[in-house]
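What follows is a single structure, written as structure tokens, with notes after it.
Just so you know, these numbers use all the heavy atoms, side chains as well, and skip hydrogens, waters and symmetry mates.
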Amino acid sequence: MRVPIVLLPVLAIVALAGCQTGSHSAVNPKAAASSSPSERLVNLADDIAKRGDSDTAIALYQKAAALPDARPSAYVKTGDAYMRAGEPAEAAKAYQAALAKAPNNGEAMLGLGSAMMDAGDYNAGMRALAQAAPLVNTSSSYNRLGVAQTLSGHTQEAQVTFGQALKMAPGDLDIETNMALAAGLEGNAGVALPLAQKLVGASNAQLHHKRNAVIVYGLLGQGDQVRATPPVGLPTQEINKLLSQAQSIRAKGSTQAKAQALGSVLG
């Protein structure tokens, strides 16, 4: 809902970070000296990844994961790096390796679900994310699950999930955008329209929020309303294109068919 939905991938959706070796050593040299060989490689790979050298970082993460002292987090880091490089199939293998060591590792399950989503297997991604979200228990994890539910056609469940995410992150525009899209797919104007109106007028709304809000108006059959008060920053031609896409989605027979069409547009 690569969110965005925001339904962006997910990966909205979702933010991954590691500590830099240099800053860690400078702050706590004893901790650096006592870390394991695998941890030292992971820290080095983190630093290199932040410099933009994804190939070298991936190679180091893989080397770290292959060491006898490696923790499941080394495999998770490998998967995260593959996701950033746009290789969800390789990322899935790394997350599965982490889960082989630690079946209840929430971060690994979250990564696996996201990789499945990126590969277009929304149902499998939804199942993995449904297990991961309560383990990780963050707004981002529930947002990812909601996106998977939306793109799988489970829009009512998605709205409940986005509601859970918003309890943790009230006013988060990415989550509200995704919730509006889920509600719009099933024609729930009572939920979708107020959110779309907020997104169009919010001072901190980015262009992708506004684009998705236009799609929501179109899904609800209220294109004239958004044309009358167009979002600032979006040209008329783009608004008309978005409304045309939304009209095509709206014409699909079932919610599942609409969700599939929405995924094609957002992908």
Side-chain angles (χ1 to χ4, degrees), residues 1-14 88 112-133 141-166 174-200 208-227 238-267:
M1 252 162 236
R2 242 175 207 236
V3 190
I5 277 176
V6 163
L7 284 168
L8 298 173
V10 235
L11 322 293
I13 328 342
V14 277
L112 179 59
S114 299
M116 290 172 168
M117 288 287 294
D118 271 18
D121 194 344
Y122 299 141
N123 287 317
M126 179 181 67
R127 291 191 295 269
L129 291 168
Q131 182 175 338
S141 66
Y142 281 104
N143 184 48
R144 291 195 199 189
L145 173 58
V147 168
Q149 290 169 328
T150 299
L151 294 178
S152 300
H154 297 83
T155 52
Q156 291 184 358
E157 294 94 328
Q159 291 170 69
V160 174
T161 300
F162 289 132
Q164 177 67 25
L166 286 170
D174 286 351
I175 300 171
E176 290 181 338
T177 300
N178 291 339
M179 189 169 188
L181 285 163
L185 278 176
E186 66 175 37
N188 186 352
V191 171
L193 189 57
L195 288 171
Q197 291 170 335
K198 175 184 176 180
L199 293 166
V200 168
H208 70 265
H209 297 127
K210 296 179 180 182
R211 292 187 184 102
N212 283 329
V214 171
I215 290 177
V216 172
Y217 276 104
L219 292 173
L220 297 174
Q222 300 196 29
D224 289 342
Q225 182 173 340
V226 77
R227 286 191 181 97
E238 183 175 10
I239 291 172
N240 288 335
K241 180 180 179 180
L242 291 168
L243 290 174
S244 176
Q245 291 173 326
Q247 184 177 3
S248 297
I249 295 170
R250 188 167 180 254
K252 303 294 181 181
S254 65
T255 301
Q256 286 75 14
K258 292 176 183 177
Q260 185 177 8
L262 178 63
S264 297
V265 168
L266 296 172

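- Under the 4.5 Å side-chain criterion, counting only non-hydrogen atoms from C-beta, Met126 is not in contact with Leu129.
- Here CG of Asn178 is found 7.5 Å from CG of Asn212. Values are rounded to the nearest 0.5 Å.
- Residue Gln225 qualifies as enclosed at atom CD: its count of foreign heavy atoms under 6.0 Å is above 12.
- A donor-acceptor contact closer than 3.5 angstrom is absent between the side chains of Asn143 and Asp174.
- Between atom OG1 of residue Thr177 and atom CG of residue Leu199 there is a gap of 4.0 Å, rounded to the nearest 0.5 Å.
- At a threshold of 4.5 Å between non-hydrogen side-chain atoms, the residues Val200 and Tyr217 count as touching.
- To the nearest 0.5 Å, atoms CD1 (Ile249) and OG (Ser244) are separated by 10.0 Å.
- Considering CD of Gln222 and CG of Leu243, their distance stands at 11.0 Å, rounded to 0.5 Å.
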Any chance you could lay out the side chain to side chain donor-acceptor pair (under 3.5 Å) test for Glu186 and Thr155, step after step, and finish with the verdict? CA-CA 7 Å; Glu186 66 175 37; Thr155 52; 2.7 Å; yes
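- With values rounded to the nearest 0.5 angstrom, Leu185 atom CG is found 9.0 Å from Gln159 atom CD.
- Residues Ala182 and Ala158 share a closest heavy-atom pair of CB-CB, 4.1 Å.
- Thr161 and Gln149 share a side-chain donor-acceptor pair at under 3.5 Å.
- Partners of Arg227 by salt bridge (charged side-chain N to carboxylate O under 4.0 Å, His left out), not counting sequence neighbours, listed by chain and number: Asp224.
- Within the 4.5 Å cutoff, the side chain of Thr150 has heavy atoms near those of the Phe162 side chain.
- Distance CG/Leu219 to CG/Asn188: 12.0 Å, rounded to 0.5 Å.
- Checked against salt bridge (charged side-chain N to carboxylate O under 4.0 Å, His left out), Arg211 has the following partners two or more places apart in sequence or in another chain: Glu238.
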